[in-house]
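Worksheet: one structure, shown below.
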Amino acid sequence: MRAEHVRLDRVSLAFGEVSALKDVSLSLGRDEVVVVLGPSGCGKTTLLRLVAGLIAPDAGRVTVEGAPPRPGEKTALVFQSFRLIPWKSARENVAFALPRLSRAEARQRADRYLELVGLSRFAKSWPAQLSGGMRQRLALARALAAEPEILLMDEPFASLDAQARELMQVELMRLLERRPATVLFVTHSVDEALILADRILLMSPRPGRVVEEVAVPFPRPRRDTDTRALPLYAELRSHLWERLRDMVLNDPGSDFHGRR
Amino acid sequence: MAGWTGTGGRSLRPAGAGTVLVLRLLFLGLLLLLWGLASATVPRGLIPSPATTAQAAARLWAEGRLQTAIGQSLLTYGTGLGAAVLVGIPLGALMGMVRLFGRTLDIFVFALAATPRVAFIPLIIVLLGLGTEAKAMIVFLGAVMPIVLNTYAGVLARDGELIEMARSTGASAARIQLHIVLPGALPFLVVGLRLGATIGLINTVVAELYTAVTGLGGLLALYGNTFRMADYFVIVLALAAIGVIVTESLRLLEGRLSRWRLPDRP
Ligand SMILES: Nc1ncnc2c1ncn2[C@@H]1O[C@H](COP(=O)(O)OP(=O)(O)O)[C@@H](O)[C@H]1O
Ligand SMILES: [Mg+2]
């Protein structure tokens, strides 16, 4: 059993009238990879912002190692839209995320992590000069360079094409083997969830809550073996698909409400 | 993206730059031709020919008048514009960063910006007299408004997503302002500087006409009123040259500051 690292205790949060999260409780073990799966609007991003310490809950408690989280202390966030600083070079973008290091140390650390994601040659390039896949690797390097205990990833590969996306999933697993971290990873994609997760949390919208937990027992490393060919993979996949489909069809706020 | 030249006069691609230079020289030639034609057709020598004007310029230079006037005008212009930059940028930035301060002040700044600045000239003369201080103040009042307002707008246009990213790294408020908000405001700021520089130059001439008559503005009035049209044209051209040099320098600066926008992939 892993030691508890992050804990949410009956957390609720509303934006005005909209209840983004209602009575959410969950626990992440140290170095566990937990994937949050759910349709849009079910509070996945809000969940990550809570764990990052960017917002506080209306009710309930969020704790990291028993204390309320503070931004940048133990967590690093990776965003879907990259959020690179356009007027800073790749190296400066990574170094910016290291406010507690001296300039020289930050540059050195940045170069190490650019190397790790294969962007050394582009250290002096601006984000506008990089391809979509390279930008996401840069965003990943920026998060990893802070050497966070907890990596929070908000649909990080959603804007990549299918091939780049698969390569990035493998890349992430390779990096986590070298330097394990607790990961809370948000996605829409059932396949991405099954490839990456130790455990999947299925969320449902209006109000956002966790409706099911699924353990994903495939052996690691998964990048060499063909996990997708396992019978259990197909079984879990169709189960999760069905749950997601039902949620979307039964959600009055969804575009597909009431369809067959 | 072949032929992409951006907006706001960023530097052109090398191939395009040569073509533009040639075309500009051709257009200048055309203007000189039209000028020559006009001087030949308009009666009573009201429009001096390019050659007469060049002679007048050489004479004014030899007499030292042109240099003296340019020096006086540049002193007024530089003092007023410099003060406008030193006051306008920090004031606009502070108004954008400290929201309560900005919300309190902005309506007054808008009101002041909408009042024709010539309205203040009698007051300035009463308070500061007719010397350099009064002139610089008139330039300052004209130039400072666009600089304040554009810096303010630039800081307000900050990117909330980038700020959240910065917060998530544990960056302090000061670090966020310095690395995210202020650099993001630079394109707006440069627009403000260009407007301020242009208005400042206009106000330099206005100041020299309304207060103690000196500098290029003073000569403009003198030669205009006494129908010394060749001399008058020299002064107009000198003012145009100053305007071009200043705004082109600011465009070069803008190009350097926004190089990161250019996708020249290696
Ligand atoms: N800053 C905000 N202001 C108002 N409503 C918000 C804000 N952030 C999220 N919401 C609302 O809260 C709900 C959950 O949002 P979010 O966490 O972004 O969902 P997800 O990431 O799963 O798509 C949505 O209905 C969304 O419209
Ligand atoms: Mg989201």
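So you know, we letter chains A, B, ... as the sequences are listed, proteins then strands, and number each from 1.
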So for atom CD, which belongs to A:Glu115, do other residues, nucleotides or ligands contribute more than 12 heavy atoms lying within a distance under 6.0 Å?
no
Does CZ in A:Arg209 sit with more than 12 non-hydrogen atoms of other residues, nucleotides or ligands closer than 6.0 Å?
yes
Exercise: identify the closest heavy-atom pair between A:Trp87 and B:Ile180:
CZ2-O, 3.3 Å
Please check if the side chain of A:Arg83 supplies one atom and the backbone of B:Ile163 the other of a donor-acceptor pair under 3.5 Å.
no
Can you tell which part of A:Ser81 gets under 4.5 Å to a heavy atom of chain B, answering side chain, backbone, both or neither?
side chain
A:Ile85, A:Thr75, A:Leu77: which one forms the most heavy-atom pairs within less than 4.5 Å of chain B?
A:Ile85
Considering only heavy atoms from C-beta outward, does the side chain of B:His179 approach that of A:Lys88 to under 4.5 Å?
yes
Count the heavy atoms belonging to other residues, nucleotides or ligands that lie under 6.0 Å from CZ of B:Arg99, then report whether that count exceeds 12.
yes
Taking everything shown except B:Ile107 itself, do over 12 heavy atoms lie less than 6.0 Å from its CD1?
no
Pick one of side chain, backbone, both or neither for A:Leu152, based on which atoms fall under 4.5 Å of a heavy atom in chain B.
neither
Check: A:Gln129 and B:Trp260 side chains under 4.5 Å, non-hydrogen atoms:
no
Checked A:Arg142, A:Arg100, A:Arg70, A:Glu73 vs chain B; the most non-hydrogen pairs under 4.5 Å come from A:Arg142
Could you tell me the separation between the OG atom of B:Ser168 and the CG atom of A:Asp154, rounded to the nearest 0.5 Å?
11.0 Å
I'd like to verify something: which residue of A:Pro86, A:Ala146, A:Ala97 has the highest number of heavy-atom pairs under 4.5 Å with chain B?
A:Pro86
Other residues, nucleotides and ligands only: do more than 12 of their heavy atoms fall within 6.0 Å of CZ on A:Arg179?
yes
Checking B:Leu257 against chain A: side chain, backbone, both or neither under 4.5 Å from a heavy atom?
neither
For A:Gln108, does the CD atom have more than 12 heavy-atom neighbours from other residues, nucleotides or ligands under 6.0 Å away?
no
Taking the side chain as every heavy atom from C-beta outward, state whether A:Phe79 and B:Met165 have any atom pair closer than 4.5 Å.
yes
Side chain B:Arg167, main chain A:Pro71, donor-acceptor under 3.5 Å
no
